[in-house]
Structure formats: C-alpha cells, structure tokens
*Asks:* 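After the structure tokens below, expect a handful of questions from me.
Please read these numbers as outputs of a predicted model, since none were measured by experiment. Only this structure's heavy atoms are used, side chains among them; waters, hydrogens and symmetry mates stay out. Just so we're on the same page: letters track the sequence lines, and every chain starts at 1.
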There are 2 protein chains.
Amino acid sequence: MKKRRALETNLAEFYHTCKKNNLKLTPQRVQIFKELIESNEHPTANKIYRRVKKKIPNVSFDTVNRTLLKFVEIGLAKIVEGKEDFRRYDGVVARHHHFYCIKCHRIIDIYDQRLDDINIPKVLDERLVVIDSKIIFDGICDKCKKNSF
Amino acid sequence: MKKRRALETNLAEFYHTCKKNNLKLTPQRVQIFKELIESNEHPTANKIYRRVKKKIPNVSFDTVNRTLLKFVEIGLAKIVEGKEDFRRYDGVVARHHHFYCIKCHRIIDIYDQRLDDINIPKVLDERLVVIDSKIIFDGICDKCKKNSF
DNA sequence: ATGTTTGCAAATAGTTTGCATCCAG
DNA sequence: CTGGATGCAAACTATTTGCAAACAT
C-alpha cells in the first residue's frame, strides 16, 4: 500500500535527474522538491510557495511556479487532472489512482494492483497510442461523511 | 458504441429538467444546450459562446458561462477533468471514459461496458462513498500519430 | 567565466461579480 | 406583473513573461 519512498532515495534520484537535464542544484529547487514529495495532499503552486518561504524567506512565487513546471517537464512531478480552476501537483510519479472528495476537494491516493490492470479496449489499442491510464473516483471522503451527521 | 441520443430526446429532457429546477426557457439557454450536446469535442465556455453568437449575435460570454455552470449544477452537463488551465464541458452525462491526446489535447470519448465494471477496492468502499468513477487514458491520438511521420 | 536561475513587476487569460434592464411564465 | 435571466463592465485569480541582478558549476 505504501508507495512513498524514503526521502534520501528520492533526493538521490532528484540530483541525478537534474544533472541529466542540465538543471543546477539551487537551494530553492531542492527545497521545492522536498516540500513536494513530503506532501500527500496534491498541493497548488501557492501552497508549496508558502511552505518553501518558511525555509527560504525571500523566495518568489514565480520561482516556485516555474520550478514545478520544470519538474513536470523532466518527469519529477505530475499535474493532477481535476475540475478545479487551479493546478495541483503530485510528487508521486509511480502508478496510482485518485479519489476526489466532491465536498472538501481532498484527493486521496489509491494504490491497488488490480486497478492497474486496466484492459485497454482493442479499438483503442489499434487507433491510439496509450501511454498511461488512471482511474478517478468521485465521492465523499470519510471526514466529510462524518461531518454531515 | 453510440451513446449520443437524438436531439429531440435530449431537448425533451432538457425542458423537463429546467422546469423541475425553476429555470426559464430562454432562447439563449436553449441554444447553449443545443451547441453543447451537438459538440463532441468537450468545448470551453468560450467555444460555446462563439457558436451561440452566430445564432444569437448579442449574447454575452457571461451568459454562456453562467448557463454552463448552471447546467452542471442541475446535472445537464459535466465539467471535464483535465490538466489544462481552462474549463471544458461535456454534454454527455451518461457513463463513459476519456482518452487525452497529450499532443493536440483532443479528448476522445470511450464507451466500453467492460471498463464500466471497475472493481471498487474494499478498503475504499468501507471508508469512502464512491459516487462515480471513470478511466482516463493518456497518449497520442490517431491524427497526431500520423502527423509525426 | 558564463550560462542558468532567480526575484520583481507588469501583463495576460479565464472566470466571476454587481447591477440595471429585460423578459418568460 | 414579478422574480429570474441577461448584458455590460469592472474585479479577481491563477498563471506567464521580460529583464536585470545573482548564483552554481
């Protein structure tokens, strides 16, 4: 069930991926990456910004925003597909699925081998090149379920 | 495979749903609804606006936008989950899945009974109330595949 | 040294709001 | 008639861009 790897492993990969893509290891980048992978709430750029600011007070929102986009570009993060009008990021690039609470907009990660084995329809497989697939559940989370009584 | 129903059927339902929700049948609303269900490209509010404008030249973007949101509210449309920074709407509320082209951002509807039978993990089913689920495929569509040669 | 990265500030784009007028029921 | 709907314009929010100064390598 646990897919989140140790921080050190992630950092080692991070350094390597940056080097491979000619990205310099600035303190901002390192801190942004740490905040991203330590969060499991699929944060917005602004949320990451406010957290990084605690460690690096003069960081700009702009840097955080561009860095996150860069991370997506080189495969260190993913943009979460959603219906809201702001972007959310996911530091977990390993295969998993999402549950969306329609009340509090929380996104819960779902790891399940059986869900990974999605049968790609034959028609699709011939016409289209499928690179990735994920299941999205909509519903009401445990916290909101409790609060509605 | 064909899930799009006849316009008349949809319109009858539309009138009924509007009445049920105390929405008046204005020419704008009717036209916005028609454009929505006649499009299979998951349009933005702006795209719908430009099409409605051809029939009702003095319609405002604002009306289109608010009307689409209202449609979502009463279940006549859905907001498409995506990674782009603008909203896209879906006039097909029946169960289906989506294929996203990562190159041209086209969204292709997928109707497949076998995909509908997603097994909700037991852990989830106990903690969370699942209302809906859909599969999202990412990849390269037939048109873009052709063009890349 | 030098090419990348950063912080700032201004621009952009999509969306939302307030309000007076208009119109469907 | 009358409350809901519309069109307009301004406000708001998230995001993006240009550029000079600062920094990693």
*Asks:* Just how far, in rounded Å, is P of dG4(D) from CD1 of Ile74(B)?
*Replies:*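 Ile74(B) atom CD1 is separated from dG4(D) atom P by 15 Å.
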*Asks:* Would you mind listing the cluster partners of Ile102(B)? Hydrophobic ones only (ILVMFWY), side-chain contacts under 4.5 Å, chaining allowed.
*Replies:*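 Members other than Ile102(B) - counting any ILVMFWY side chain reachable under 4.5 Å - are Val129(A), Ile131(A), Ile140(B).
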*Asks:* Below 3.5 Å is the cut-off: list the nitrogen or oxygen pairs between protein and nucleotides 18-21 of chain D, distance only.
*Replies:*
none

*Asks:* Taking only residues two or more places apart in sequence, or in another chain, which ones meet Asn22(A) in a side-chain hydrogen bond (donor to acceptor under 3.5 Å, both in side chains)?
*Replies:*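 Residues passing side-chain hydrogen bond (donor to acceptor under 3.5 Å, both in side chains) with Asn22(A): none at all.
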*Asks:* Please identify each residue that fulfils side chain to side chain contact (heavy atoms under 4.5 Å, CB included) with Ala77(B), with sequence neighbours left out.
*Replies:*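 Expected list: Leu36(B), Phe71(B), Val72(B).
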*Asks:* Kindly give the heavy-atom pair with the smallest separation between Phe86(A) and Thr44(A), and that separation in Å.
*Replies:*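 Minimum heavy-atom contact is CD1-CG2, 3.5 Å.
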*Asks:* What is the distance, rounded to the nearest whole Å, between atom CD of Glu84(B) and atom C1' of dT15(C)?
*Replies:*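 Taking CD of Glu84(B) and C1' of dT15(C), I get 16 Å after rounding.
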*Asks:* Checking Phe61(A) now: which residues fulfil side chain to side chain contact (heavy atoms under 4.5 Å, CB included) with it, not counting sequence neighbours?
*Replies:*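 Residues passing side chain to side chain contact (heavy atoms under 4.5 Å, CB included) with Phe61(A): Ala45(A), Asn46(A), Tyr49(A), Asn65(A).
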*Asks:* Kindly write out the residues that satisfy side-chain hydrogen bond (donor to acceptor under 3.5 Å, both in side chains) with Arg88(A), not counting sequence neighbours, or none if the list is empty.
*Replies:*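 Per chain and number, Arg88(A) pairs via side-chain hydrogen bond (donor to acceptor under 3.5 Å, both in side chains) with Glu84(A).
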*Asks:* Tell me, which pairs form a salt bridge (Lys or Arg N to Asp or Glu O under 4.0 Å) where one or both residues lie in residues 62-80 of chain A, sequence neighbours left out?
*Replies:*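 Residue pairs passing salt bridge (Lys or Arg N to Asp or Glu O under 4.0 Å), neighbours aside: Asp62(A)-Arg66(A), Lys70(A)-Glu73(A), Lys78(A)-Asp132(A).
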*Asks:* Can you tell me which residue among Ile135(A), Asp109(A), Ile108(A), Ile110(A) is in a side chain to side chain contact (heavy atoms under 4.5 Å, CB included) with His98(A)?
*Replies:*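 It is Asp109(A); the other options fail the test.
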*Asks:* Separation of Tyr15(A) atom OH from dA24(D) atom P, in whole Å?
*Replies:*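 Checked: the OH to P distance equals 13 Å.
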*Asks:* Given atom CD of Gln31(B) and atom C1' of dT6(D), what is their separation to the nearest angstrom?
*Replies:*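 For the pair Gln31(B) CD and dT6(D) C1', the rounded distance is 16 Å.
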*Asks:* Between dG7(D) and Ser60(B), is there an OP1 or OP2 to side-chain N/O distance shorter than 4.0 Å?
*Replies:*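 Answer is yes, contact under 4.0 Å.
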*Asks:* Roughly, in whole Å, what's the span from OH in Tyr49(A) to P in dT6(C)?
*Replies:*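 Distance check: Tyr49(A) OH to dT6(C) P gives 14 Å.
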*Asks:* Quick one: Lys70(A) NZ to dT6(C) P, roughly how many Å, whole number?
*Replies:*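 The distance from NZ of Lys70(A) to P of dT6(C) comes to 10 Å, rounded to the nearest Å.
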*Asks:* With Ser133(B), which residues qualify under side-chain hydrogen bond (donor to acceptor under 3.5 Å, both in side chains), at least two apart?
*Replies:*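 By the side-chain hydrogen bond (donor to acceptor under 3.5 Å, both in side chains) rule, Ser133(B) matches Arg95(B).
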*Asks:* Would you mind reading off the distance between Leu68(B) atom CG and dT6(D) atom P, rounded to a whole angstrom?
*Replies:*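 Leu68(B) atom CG is separated from dT6(D) atom P by 11 Å.
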*Asks:* Between the axis at one end of the helix from dA1(C)-dT25(D) to dG25(C)-dC1(D) and the axis at the other (five pairs apiece), what's the angle to 10 degrees?
*Replies:*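 Helix axis angle between the two ends: 40°.
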*Asks:* Under 3.5 Å between N/O atoms: give me all the protein pairs with nucleotides 11-15 of chain D, atom names plus distance.
*Replies:*
from: dT15(D); atom 1: OP1; to: Arg87(A); atom 2: N; distance (Å): 2.7
from: dT15(D); atom 1: O3'; to: Arg87(A); atom 2: NH2; distance (Å): 3.4

*Asks:* Does the side chain of Val80(B) come within less than 4.5 Å of Tyr89(B)'s, by heavy atoms?
*Replies:*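 Of all side-chain heavy-atom pairs linking Val80(B) with Tyr89(B), none is under 4.5 Å.
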*Asks:* Show me the pairs that pass salt bridge (Lys or Arg N to Asp or Glu O under 4.0 Å) and involve residues 19-29 of chain A, at least two apart or across chains.
*Replies:*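 Applying salt bridge (Lys or Arg N to Asp or Glu O under 4.0 Å) to every pair that reaches into residues 19-29 of chain A, excluding sequence neighbours, yields nothing.
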*Asks:* From CD1 of Ile56(B) over to P of dC23(C), roughly how many Å is that when rounded to an integer?
*Replies:*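 After rounding, the reported distance stands at 13 Å.
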*Asks:* Contacts to DNA chain D from residues 18-30 of chain B, heavy-atom cutoff under 4.0 Å, which residues?
*Replies:*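 Listed by number, they are Asn22(B), Leu23(B), Lys24(B), Thr26(B), Gln28(B), Arg29(B).
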*Asks:* Rounded to the nearest 0.5 Å, what's the gap from CG on Leu76(A) to CD1 on Ile32(A)? Could you check?
*Replies:*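 So the CG of Leu76(A) and the CD1 of Ile32(A) are separated by 12.0 Å.
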*Asks:* How many angstroms lie between NZ in Lys122(A) and CG in Leu124(A), if you round to the nearest 0.5 Å?
*Replies:*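 Result: 13.0 Å between the selected atoms.
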*Asks:* Flag the pair Val92(A) / Tyr111(A) as yes when at least one side-chain heavy-atom distance between them is below 4.5 Å, and no otherwise.
*Replies:*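 Yes, their side chains come closer than 4.5 Å.
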